[in-house]
Amino acid sequence: MSPVGAPGLPDAPEGLVLLDLPDHDSVVVEHRERAERLVERADLLVWVLDPQKYADAALHERYLRPLAGHADVMVLVLNQVDRLAPADAAACLADVRRLAREDGLGDVPVLGVSARTGAGLAELRELLADAVRRREAATARRTADVRAVARDVLAACGDDLPDRASRTAQAELHRALEAAAGVDTVVDAVRASALKRARAATGWPVTRWLGRLRPDPLRRLRLDGPDRDPDLVRSSLPSQAPAVAAQARVAVRGFVRTVTQGAPEAWARAVDQRAADAVASLPDALDRAVVATRLSAARPPRWWRAVDVVQWVLLGVAVLGLLWLGVLAALGYLQLPRPGTPTWHGIPVPTGLLVAGVVAGLLLALVARGLAGLGARRRARVARSRLRDAVASVADERVRLPVGEELAALSTCRASAAIAAS
């Protein structure tokens with residue numbers, strides 16, 4: 001509320017704000033509640049009484065007695081004294097003082113005033129002016145105290161910190177956490193798993209079953225399922241080597257030192273403690289991030305299916321040639337007449353079918369192996385990118401954001417202290 005002059009009081013002191021509250025005995029509940037909320041917030045309570053109702057029990061029992069501890073900021077004003085004879089006015093004022101003492105207010109000021117004649121208004125005006133002076137003095141003292149404390153706080157907060165969250169520090173942090181998460185191991189497993197699955201789908205049918213005897217690297221790490229729940233599944237990645245775990249701790253501390261260089265010691269300790277708490281939870285958070293990352297393709301490439309169909313066709317051609325030759329050999333062994341064998345460019349057709357089916361199948365398997373290698377390397381690159389994003393999210397959540405919160409609190413403290421000190 002802005003300071004305004006008090007209406008109805010000539011030469012009212014600057015800074016005086018008068019609030020005319022609703023009657024304490026109002027029949028409107030909202031009026032009584034509003035009065036009760038504001039009574040304990042005023043610098044000076046002026047109870048305006050009239051000769052007919054100054055002894056009202058509700059006034060004394062509900063307000064004056066409970067507020068006996070505020071007697072030093074209270075004034076009782078008996079209005080309309082101009083309607084009373086001088087002797088009656090004196091008797092009423094004496095009775096008000098008696099009731100005030102019974103209410104525990106002691107020698108609270110009791111004034112007889114008249115808005116019509118102006119009686120007692122000068123004394124009331126002086127009491128209001130004195131309340132304003134006390135308020136201004138108390139405010140000035142509090143303001144000076146607040147500014148002094150704010151200057152001390154501002155000095156303790158130090159200077160503004162530049163943005164030292166350099167890319168170098170973040171990159172070192174991410175590299176260390178990637179090593180701690182076993183990203184290289186997982187990427188190698190993704191590449192090997194993609195190769196194994198491609199060869200099982202596109203290799204020469206006669207020998208491709210041998211690849212199924214080798215375990216799938218991703219399955220061995222428990223990272224092969226498409227819908228893994230990180231809350232229920234843990235990977236089988238090998239435990240961090242002591243050197244890798246130490247490297248992660250060093251990277252976190254290095255990042256913290258970089259971004260808190262020049263910060264007050266107390267704040268630096270708080271940031272370091274947040275970082276220490278983050279380091280303790282990093283292994284589990286990194287494992288959850290790896291488990292939650294989609295590493296394998298949702299479905300095999302279409303060319304795998306096409307090559308598989310061609311391979312079985314070629315194998316069928318080779319088997320047909322082999323059976324044809326077998327029949328001819330059996331007829332010869334039994335010395336039975338053999339039918340004529342067709343030729344193609346001088347090559348017997350059964351022999352050509354056998355050789356063509358086997359050679360074409362082997363050549364197709366070699367070509368498919370090369371394509372599978374390219375696909376496996378591409379899948380490994382995609383997996384590395386996703387794992388890096390997952391590790392970066394863990395670094396942000398567990399390290400960078402907690403550290404940033406502490407530094408933001410320091411900046412807020414400094415800005416607030418600067419405002420309070422000005």
Do Val108 and Val75 come within less than 4.5 Å of each other through their side chains, counting heavy atoms only?
no
Salt bridge Glu172-Arg175, side-chain N to carboxylate O under 4.0 Å:
yes
Would you call Arg97-Glu102 a salt bridge at under 4.0 Å N-O?
no
In Å, rounded to the nearest 0.5 Å, how long is the span from OG of Ser393 to CZ of Arg398?
12.0 Å
Does Arg133 come within less than 4.0 Å of Asp130, counting only side-chain N to carboxylate O?
yes
Do any pairs count as a salt bridge (Lys or Arg N to Asp or Glu O under 4.0 Å) and have a residue in residues 308-334, sequence neighbours left out, and if so which ones?
Arg208-Asp308, Arg305-Asp308
With a 4.5 Å limit on heavy-atom distance, are the side chains of Arg369 and Arg199 in contact?
yes
Pair Arg386 + Asp389: basic N to acidic O under 4.0 Å
no
Exercise: identify the closest heavy-atom pair between Ala289 and Val394
CB-CG2, 3.6 Å
Could you walk me through whether Asp184 and Arg384 pass the side-chain contact (heavy atoms from CB on, under 4.5 Å) test, one step at a time?
CA-CA 8 Å; Asp184 289 341; Arg384 183 179 294 277; 3.0 Å; yes
Looking only at heavy atoms, what is the nearest atom pair of Leu59 and Tyr54, with distance?
CD2-O, 4.0 Å
Measuring only between side-chain heavy atoms, which start at C-beta, is Asn79 closer than 4.5 Å to Leu49?
no
Please list, chain by chain and in numerical order, all residues satisfying side chain to side chain donor-acceptor pair (under 3.5 Å) with His60, sequence neighbours excluded.
Asp103
Once you round to the nearest 0.5 Å, how far does CH2 of Trp204 lie from CD of Gln311?
9.0 Å
Just do the side-chain contact (heavy atoms from CB on, under 4.5 Å) check on Leu124 and Val77 with the steps written out, would you?
CA-CA 9 Å; Leu124 177 59; Val77 173; 4.2 Å; yes
With a 4.5 Å limit on heavy-atom distance, are the side chains of Val310 and Leu364 in contact?
yes
Assess whether side-chain contact (heavy atoms from CB on, under 4.5 Å) is satisfied between Trp324 and Thr351, documenting all intermediate values.
CA-CA 9 Å; Trp324 194 341; Thr351 303; over 6 Å; no
For Pro350 and Leu328 the tightest heavy-atom approach is CG-CD1, 4.4 Å
Leu78 vs Asp50 side-chain heavy atoms within contact, under 4.5 Å:
no
What I'd like to find out is whether the side chain of Val319 reaches to under 4.5 Å of the side chain of Leu354, using heavy atoms alone.
no
Value for CZ (Arg414) from OG (Ser416), rounded to nearest 0.5 Å, stands at 11.0 Å
Chi angles and distances behind the salt bridge (Lys or Arg N to Asp or Glu O under 4.0 Å) call for Lys53, Asp56:
CA-CA 5 Å; Lys53 298 173 61 177; Asp56 188 353; 5.1 Å; no
Pair Arg381-Ser385, side chain to side chain donor-acceptor pair (under 3.5 Å): steps then yes or no:
CA-CA 6 Å; Arg381 287 194 300 270; Ser385 176; over 6 Å; no
Atom CZ of Arg65 and atom CG of Leu99: how far apart are they, to the nearest 0.5 Å?
8.5 Å
Closest approach of Gly106 to Arg101 (non-hydrogen atoms, all atoms of both residues)
O-CG, 3.5 Å
Heavy-atom distance under 4.5 Å between the side chains of Pro109 and Leu76, does that happen here?
no
Is the side chain of Glu178 donor-acceptor paired with the backbone N or O of Val183 at a distance under 3.5 Å, no angle test?
no
Against Leu387, only a single residue in Val187, Val190, Leu286 fulfils side-chain contact (heavy atoms from CB on, under 4.5 Å); can you say which?
Val187
Using the side-chain contact (heavy atoms from CB on, under 4.5 Å) rule, take Val46 and Leu128 through it: C-alpha gap first, then chi angles, then the decisive distance, then the call.
CA-CA 9 Å; Val46 180; Leu128 296 175; 4.3 Å; yes
Side chain proximity check, Val358 to Leu314, heavy atoms < 4.5 angstrom:
no
Looking only at heavy atoms, which two atoms of Ala198 and Trp304 are closest? And how far apart?
CB-CZ2, 3.3 Å
Can you see which heavy atom on Ala420 is nearest to which on Ala150, and at what distance?
CB-CB, 3.6 Å
Rounded at 0.5 Å granularity, tell me how far CG in Leu121 sits from CG in Leu111.
9.5 Å
So CG of Leu371 and CH2 of Trp303: to nearest 0.5 Å the spacing works out to 5.0 Å
